[in-house]
Amino acid sequence: DVKDAGVTRQGKKVTAKVVAVRPEAAGAATLVLKPSRWSGHLAGQYVGVGVEIDGVLHWRTYSLTSPRQVSITVKAIGLVSSHLTQAKVGDVVRLRAAE
């Protein structure tokens with residue numbers, strides 16, 4: 001499935017720039033993302049986020065935490081989440097469509 005690869009039907013990667021990082025608690029942060037393209041989302045949906053770690057693209061799914069912007073809250077449990085809690089403004093991640 002093309003969507004599952006984080007690629008649009010036109011073959012373009014969907015990326016998102018980290019535009020804000022808000023610490024929430026020890027080892028947890030909310031990331032606000034600005035997607036290169038986005039078809040919107042509804043309350044209760046989730047999004048696949050891909051990050052490259054040591055040259056390998058890893059994916060994990062997160063609940064969207066805001067109805068007005070693309071934001072996720074992550075806790076440093078596991079490889080991808082631990083990586084994302086260290087994200088800085090300007091970092092780029094891959095996105096799948098909201099489901």
Side-chain angles (χ1 to χ4, degrees):
D1 184 337
V2 172
K3 179 181 72 176
D4 287 335
V7 177
T8 66
R9 293 190 187 279
Q10 295 78 28
K12 296 183 180 176
K13 294 179 187 175
V14 179
T15 60
K17 183 180 284 190
V18 177
V19 295
V21 178
R22 294 190 298 261
E24 299 292 348
T30 295
L31 305 180
V32 180
L33 307 171
K34 182 179 180 184
S36 59
R37 58 182 67 233
W38 190 250
S39 57
H41 63 277
L42 302 171
Q45 288 189 302
Y46 56 89
V47 62
V49 178
V51 295
E52 189 173 315
I53 302 170
D54 296 327
V56 177
L57 185 60
H58 297 270
W59 289 92
R60 187 166 187 294
T61 302
Y62 296 94
S63 295
L64 290 155
T65 57
S66 171
R68 288 177 229 113
Q69 59 190 2
V70 179
S71 66
I72 58 172
T73 300
V74 299
K75 184 164 176 62
I77 298 173
L79 182 66
V80 174
S81 296
S82 294
H83 183 84
L84 287 172
T85 59
Q86 303 300 312
K88 300 196 178 355
V89 170
D91 287 353
V92 176
V93 299
R94 296 270 300 273
L95 288 183
R96 293 180 176 150
E99 294 186 50

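All values below come from the heavy atoms of this structure, side chains included, with hydrogens, waters and symmetry mates left out.
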Exercise for the section: Report the C-alpha separation of Y62 and S81 in whole Å, then their side-chain angles, then the decisive distance to 0.1 Å, and conclude whether the side-chain hydrogen bond (donor to acceptor under 3.5 Å, both in side chains) test is met. Expected result: CA-CA 9 Å; Y62 296 94; S81 296; 2.8 Å; yes
Problem - T61, L33, L64, V14 screened by side-chain contact (heavy atoms from CB on, under 4.5 Å) with V47, the one that passes - result: L64
Practice task
Calculate, to the nearest 0.5 Å, the distance between atoms CG and NE2 belonging to L79 and H58 respectively.
Solution key: 5.0 Å
Handout entry: Rounded distance (nearest 0.5 Å) linking atom CD of E24 with atom CG of L31
Key = 9.5 Å
Problem - Connected via hydrophobic side-chain network under 4.5 Å: V32 and Y46 - result: no
Practice task
Give a yes-or-no answer on whether the side chains of T65 and S71 include a donor-acceptor pair shorter than 3.5 Å.
Solution key: yes
Exercise for the section: Report yes or no: do I72 and V19 belong to one cluster of Ile/Leu/Val/Met/Phe/Trp/Tyr joined by side chain heavy-atom distances under 4.5 Å? Expected result: no
Problem - Verify same cluster id: V92, L84 (apolar side-chain graph, 4.5 Å) - result: no
Handout entry: side chain to side chain contact (heavy atoms under 4.5 Å, CB included) evaluation trace for H41 with V70
Key = CA-CA 8 Å; H41 63 277; V70 179; 4.3 Å; yes
Completion exercise
When every non-hydrogen atom of G40 is compared with those of A98, the smallest separation belongs to O-CB, 3.9 Å
Exercise for the section: In sequence, state the C-alpha distance, the side-chain angles, and the governing distance for L95 and T15, and then conclude on side chain to side chain contact (heavy atoms under 4.5 Å, CB included). Expected result: CA-CA 6 Å; L95 288 183; T15 60; over 6 Å; no
Completion exercise
So CD of E99 and CD of Q45: to nearest 0.5 Å the spacing works out to 8.0 Å
Practice task
Hey, could you give me the CD/NE2 distance between E52 and H83, rounded to the nearest 0.5 Å?
Solution key: 9.0 Å
Practice task
Kindly indicate whether a cation-pi arrangement holds for R94 with W59, taking the cut-offs as under 6.0 Å to the six-membered ring centre and within 45° of the axis.
Solution key: no
